Amino acid sequence: MERSTIVRVHEGLHARPATRFVKLAKSFESDVEIRKGGKAVSAKSSVKLMLLGVKEGDEVTVSAEGADAAEAVEALVAYLKNPLSGTEEGAEPAATDIVPMDTAIPSQAADGPPAGAFQAVGASEGMALGPVFAHFPARIEPEQKTLSADQIPAEKRRFAKAVAAVEAGLDASLAAGDVPASDRGIIQALRDIVGDDELKAATERSIDGGLDAISAVIAASSGIADDFRQLNDAYLKARAEDVESVARQICLALLGEEEARLDDIADGAVLLAEDIGAWDLARAPLKRIGGIVCGHGGATSHVAIIARTHGIPAVLGAGDKVHDWRQARQIGIDGRKGLVFPDPDAEIRRKLEAGIAEADRERAALRSYRDVEPRRPDGTLIHIAANLGSLDEIDAAKAAGAMGVGLFRTELLFMRHMHLPSEDMQAETYGTLAAAFAPYPVIVRTLDIGGDKPIAGIEFPEEDNPFLGWRGIRMCLDRPDIFKTQLRALLRASVNGNLKVMLPMVSDVGEVRRTRSLIAECRKELTAEGAAHGDFALGIMIETPAAVFAADELAAEVAFFSVGTNDLTQYVMAADRLNPSVSALNDASHPAVMAAIGQAARAAERAGIEIGMCGEAAARADLVPRFLEMGLTELSMSPASILAVKKQVSGIVEKAAAP
Ligand code: PEP
Ligand code: MG
């Protein structure tokens, strides 16, 4: 079974679109191949797929053999035909598509480097000046041992164990709750390479030929890395470094050694290295790093991406020069122009310091919105609030000037533990959260969990369509034992007066009424027990088409609406939010979704209740003006977006107030 098609995926199959394509291919039992220009590779290997270098506009043939061959070919061809495959509207950007290359990658100095400067590749904007922290871990040399035939099986086992150890380390990093989404994307890319058959098979072939594991890993990885370097694409060329970095990790595991850590870097120091593994950098104390200079790498290296994400100026690709600078006392860098100033003179230091001060002023200008409270000309406050999943995020939200919490997802509390969280534990969590943001409102959403995300202590049925199944308020109403524990905890935490409660997945007014009677029961019980408690405003999420069409009826029963555009979009457009093949339809700016939001907003206005938004679209600069026009008075988002949206909303309301 095979089919040819022209690839329409924007910018072709690299980075995230390639990873997604492989994931889709792996979901089928059949062996699947993709062929371009006479060369065929397995569609289940990221490395092979990326090496095929499939670009937008290329003609390829997808072929499959096996029980589900027809379905596999159909799904993969549909994926290739969709320009937006691999992008996820509304989701946090992947590491590899954080910033458009043309604007984000700093350029080189136009007319040669100034005196005292060395020209390399500008990889992350900004200027830095600081003491040198030289990081030059020893190179791992191939041992070039020749194995006897009886040593080969044990050497292969040793190699498999080392691969498993590196995989486990990366998996642990991926599972850690505190890794930013962008860094997670990079770690995932490395994890794909470690787990890829190509590197493993090439290494095993060399061991079978009698080479020791370390030499075999180095030989296999440099072969693959060279293949990447031959490709005519900046992003793919840079993947050579990922392959080498993964190979180094495997070699270290074979040697039983740890990579030299960056933990001791002094505050504001410039990290100087021949190369830094993306994984090592992601684990380093990034807040302390003033700048980065590397011999290897370019603007699309993962080191560059991490540096940009964390606002660390970086100049890469400086070549062997880095060895000359190891003895320098100070290094200055201009990450926009790609300039390195080893031991700069007083004049250059003065210029760099002026540049650093200017950048600080720009950052401060955005920070100056921290305490701004945008207000419409009629005096109504527009709350720019935070979406949170745990108490660990409170500080970041407050530092960004969050005007309360528009969505506290309680799922994490339930998912983190091996058992259901107790009433006391929940009451304490909700109470701490409310107190942290008082007097701003804090909206806690009751448990929104479905059959696709099982949690300990709740047995979910097998469902063909979990998103249309037993999730959110539906599950809670069927399990009053769980729901009442949460409602009692919320009443107890309401003594502060700023707590609000919101129900997810509402599609019928009966669900609100049944919740109200459970709340009344809980209140009665708490009073009888003499337990301190308060009261909360009850609202609902608008995330089903039913809630939009019944918005007038629902508005009569609740205190507020909050639009969940992530689900509302998938249900209005009938396009699974997790399925990349339909991601083009998953767009909150589609006229159908915007009409639904407008309809809910008009119902809220007629009933005189507030309406806000906590779906990802709340931070979309292109849509914010329209949401304000519709009358939304709260936009809730991840803390990282708050300052920019505060600035935008302040500009809009000021303009509206101008005579
Ligand atoms: C939404 O659906 O827009 C929303 C905020 O809820 P979640 O993403 O948690 O489903
Ligand atoms: Mg939702």
Side-chain angles (χ1 to χ4, degrees), residues 88-92 177 181 383-390 393 397 402 404-416 441-455 465-476 486 500-507 511 539-548 551 554 560-579 582-583 585-590 592-594 596-597 600-601 611-620 623-624 627 630 632 634-642 645:
E88 198 173 23
E89 286 296 327
E92 288 207 55
H383 283 90
I384 313 298
N387 288 352
L388 302 184
S390 78
E393 299 157 43
V405 175
L407 167 64
F408 183 68
R409 292 183 163 99
T410 56
E411 295 81 72
L412 258 191
L413 278 184
F414 285 73
M415 286 162 75
R416 258 191 194 167
V442 165
I443 304 178
V444 175
R445 180 174 74 183
T446 58
L447 185 58
D448 182 16
I449 202 102
D452 60 330
K453 277 186 255 154
I455 48 176
N465 294 302
F467 274 128
L468 301 181
W470 201 54
R471 66 171 288 204
I473 189 66
R474 304 166 182 189
M475 186 280 284
C476 284
Q486 186 168 42
K500 296 179 171 188
V501 174
M502 163 165 91
L503 309 178
M505 277 296 290
V506 169
S507 47
E511 291 160 341
I540 59 163
M541 292 195 66
I542 298 289
E543 51 184 354
T544 66
V548 172
L554 287 162
F560 64 93
F561 285 165
S562 179
V563 184
T565 48
N566 309 341
D567 276 315
L568 184 62
T569 306
Q570 83 161 339
Y571 294 130
V572 166
M573 302 304 294
D576 184 343
R577 66 194 259 190
L578 303 179
N579 184 344
V582 292
S583 61
L585 288 170
N586 235 303
D587 181 0
S589 69
H590 191 283
V593 183
M594 294 302 282
I597 300 169
I611 177 164
M613 178 177 289
C614 60
E616 297 293 324
R620 275 183 61 170
L623 301 181
V624 162
F627 296 147
M630 288 179 188
L632 272 64
E634 179 230 38
L635 296 170
S636 190
M637 61 204 66
S638 86
S641 304
I642 289 178
V645 175

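Read the numbers this way: they start at 1 and go in the same order the structure lists the ligands and their atoms. From a predicted model like this one, the values you see are computed outputs, not experimental measurements.
- In this structure, the separation between CG on Leu632 and CG on Leu623 is 11.5 Å, given to the nearest 0.5 Å.
- Separating the OG atom in Ser636 from the CD1 atom in Ile642 is a distance of 7.0 Å, to the nearest 0.5 Å.
- The backbone N or O of Val582 sits nowhere less than 3.5 Å from a side-chain atom of Asp576 that would complete a donor-acceptor pair.
- The line from CE of Met505 to CG of Leu503 is 12.0 Å long, rounded to the nearest 0.5 Å.
- Considering backbone and side-chain N/O atoms, Glu616 never comes within less than 3.5 Å of an N/O atom of ligand 1.
- Which parts of ligand 1 touch Leu407 is read off a 4.0 Å heavy-atom cut-off, strictly below it: atoms 5 (C).
- Taking OG1 of Thr544 as the start and OH of Tyr571 as the end, the distance is 8.5 Å to the nearest 0.5 Å.
- Counting atoms of ligand 1 from 1 in the listed order, those under 4.0 Å from a heavy atom of Gly615 are 3 (O), 5 (C).
- The angle Glu543:OE1 - the Mg ion (ligand 2) - Asp567:OD2 amounts to 90°, with values rounded to 10 degrees.
- A heavy-atom distance below 4.5 Å is not found between the side chains of Met502 and Val444.
- Geometrically, ligand 1 and Gly564 share a nitrogen or oxygen pair separated by less than 3.5 Å.
- The protein heavy-atom contact nearest to atom 6 (O) of ligand 1 is Arg445 NH1, 2.9 Å.
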Begin with the C-alpha distance, continue with both residues' side-chain angles, and end with the deciding distance and a verdict on salt bridge (charged side-chain N to carboxylate O under 4.0 Å, His left out) for Arg474 and Asp448. CA-CA 9 Å; Arg474 304 166 182 189; Asp448 182 16; over 6 Å; no

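- Near Cys614, meaning under 4.0 Å from any of its heavy atoms, are these atoms of ligand 1: 5 (C).
- Within the structure, ligand 1 lacks Glu411 among the residues with a heavy atom less than 4.0 angstrom away.
- Residue Arg409 touches ligand 1 through its side chain alone, judged by heavy-atom distances below 4.0 Å.
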